[in-house]
Amino acid sequence: MRINIAIDGPSAAGKSSVSDMLAEKLGYTHLDTGGMYRSVAYLAYKHDVETDDEDKVVSLILNNRFEFKSDGQVLLNGEDISEAIRKEEISMAASNVSKNPKVREALVAMQQNIAKDKGYILDGRDIGTVVLKDAEVKIYLTASAEDRALRRYEQNKAKGMEADYEKILKEIKIRDHQDMNRSFSPLKKADDAYEIDSSKLTIEEVVAKIMDIVAKKI
Ligand code: DC
């Protein structure tokens, strides 16, 4: 039996790495919904459209072609933007653009359509509460802001990207606040989600915990 798995939580809690590993173990497809909001933010930035100009942003979404590949690659009108959307300035712009209800509506519809045949792992902020309310397994993955900042700092350093711990920590706290307090679909744990604190766990340990939960369902 193929199921859908929803993984929500704040930024840098390990959602992407955990989802990738789970997808590999289960032979499922991982969809990084944060990458979708990042792509829209990147598109708005390229066209000089303000992130809160809802109608213009939606029109950009409708008039451009996105491809979200199962290996995490993102193409915009055929151009590979996978690296560009990971830049720190796009993180905040993605959080800003995600506040708009019409933008969320457009992306949620795409996400639900992609996951309709089951066998998907979606990670984001509103997967268990809005996008896949009926997901068979829901996980709320969290960790302290300090642990998450350290993780992001080390990832950036390893990739040769800008790495300033204090700046990353500040940005994580601002984005947490914004994502948890917006009016539409704020980040929150679904009532039926299992909460896992990844602060003191390796990715493998988190994945093992989720595999136990999945095994009971299938
Ligand atoms: O997961 P991420 O850090 O790449 O996501 C970037 C931003 O996109 C995040 O700050 C909030 C928004 N987002 C959202 O509102 N809903 C989702 N399902 C995924 C991301």
Between [X] and [Y] (salt bridge meaning N to carboxylate O under 4.0 Å), is one present in this structure?
X: Glu79; Y: Lys46; value: yes
X: Arg182; Y: Asp176; value: no
X: Glu88; Y: Lys167; value: no
X: Asp8; Y: Lys188; value: no
X: Lys159; Y: Glu154; value: no
X: Glu171; Y: Arg175; value: yes
X: Lys99; Y: Asp179; value: no
X: Glu67; Y: Lys69; value: yes
X: Arg104; Y: Asp126; value: yes

Do you know which of Arg152, Lys157, Arg151 makes side-chain hydrogen bond (donor to acceptor under 3.5 Å, both in side chains) with Gln155?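 The passing option is Arg152.
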Report the residue from Leu107, Val108, Ile7, Leu122 that forms a side-chain contact (heavy atoms from CB on, under 4.5 Å) with Thr33.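 Filter result, single survivor: Leu122.
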Is any side-chain heavy atom of [X] less than 4.5 Å from a side-chain heavy atom of [Y]?
X: Glu204; Y: Met21; value: yes
X: Val214; Y: Ile5; value: yes
X: Lys173; Y: Leu169; value: yes
X: Leu22; Y: Lys25; value: no
X: Ser39; Y: Ile81; value: yes
X: Tyr140; Y: Leu187; value: yes
X: Leu60; Y: Val40; value: no
X: Val57; Y: Val49; value: yes

Nearest-0.5 Å distance, [atom1] of residue [X] to [atom2] of residue [Y]:
X: Leu201; Y: Leu141; atom1: CG; atom2: CG; answer: 9.0 Å
X: Ile168; Y: Leu150; atom1: CD1; atom2: CG; answer: 9.0 Å
X: Asp32; Y: Ile121; atom1: CG; atom2: CD1; answer: 12.0 Å
X: Arg38; Y: Ser82; atom1: CZ; atom2: OG; answer: 12.0 Å
X: Gln111; Y: Ile127; atom1: CD; atom2: CD1; answer: 5.0 Å
X: Tyr120; Y: Ser19; atom1: OH; atom2: OG; answer: 14.0 Å

Mark yes or no for whether [X], through its side chain, and [Y], through its backbone, hold a donor-acceptor pair below 3.5 Å.
X: Ser198; Y: Thr142; result: yes
X: Lys189; Y: Ile139; result: no
X: Asn113; Y: Ala109; result: no
X: Tyr42; Y: Leu76; result: no
X: Asn181; Y: His177; result: yes
X: Lys15; Y: Pro10; result: yes

Tell me whether [X] at atom [atom1] has more than 12 heavy atoms from other residues, nucleotides or ligands lying less than 6.0 Å away.
X: Glu89; atom1: CD; value: yes
X: Tyr165; atom1: OH; value: yes
X: Asp212; atom1: CG; value: yes
X: Lys116; atom1: NZ; value: yes
X: Glu205; atom1: CD; value: yes

List the steps and the verdict of salt bridge (Lys or Arg N to Asp or Glu O under 4.0 Å) for Lys102 and Asp52. CA-CA 11 Å; Lys102 286 186 193 163; Asp52 56 3; over 6 Å; no
I'd like to know if the side chain of Glu105 pairs up with that of Asn100 as donor and acceptor (distance under 3.5 Å, no hydrogens or angles considered). no
Return yes if a side-chain donor-acceptor contact under 3.5 Å exists between Glu136 and Asn4, otherwise no. no
Are [Y] and [X] connected in a single hydrophobic cluster, I mean Ile/Leu/Val/Met/Phe/Trp/Tyr linked by side-chain heavy atoms less than 4.5 Å apart?
X: Leu132; Y: Ile218; result: no
X: Ile210; Y: Tyr194; result: yes
X: Ile196; Y: Met180; result: no

For the pair Phe68 and Phe66, name the ring-plane relationship: parallel under 30°, tilted 30 to 60°, perpendicular over 60°.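 Taking Phe66 first and then Phe68, their aromatic rings lie parallel (interplane angle under 30°).
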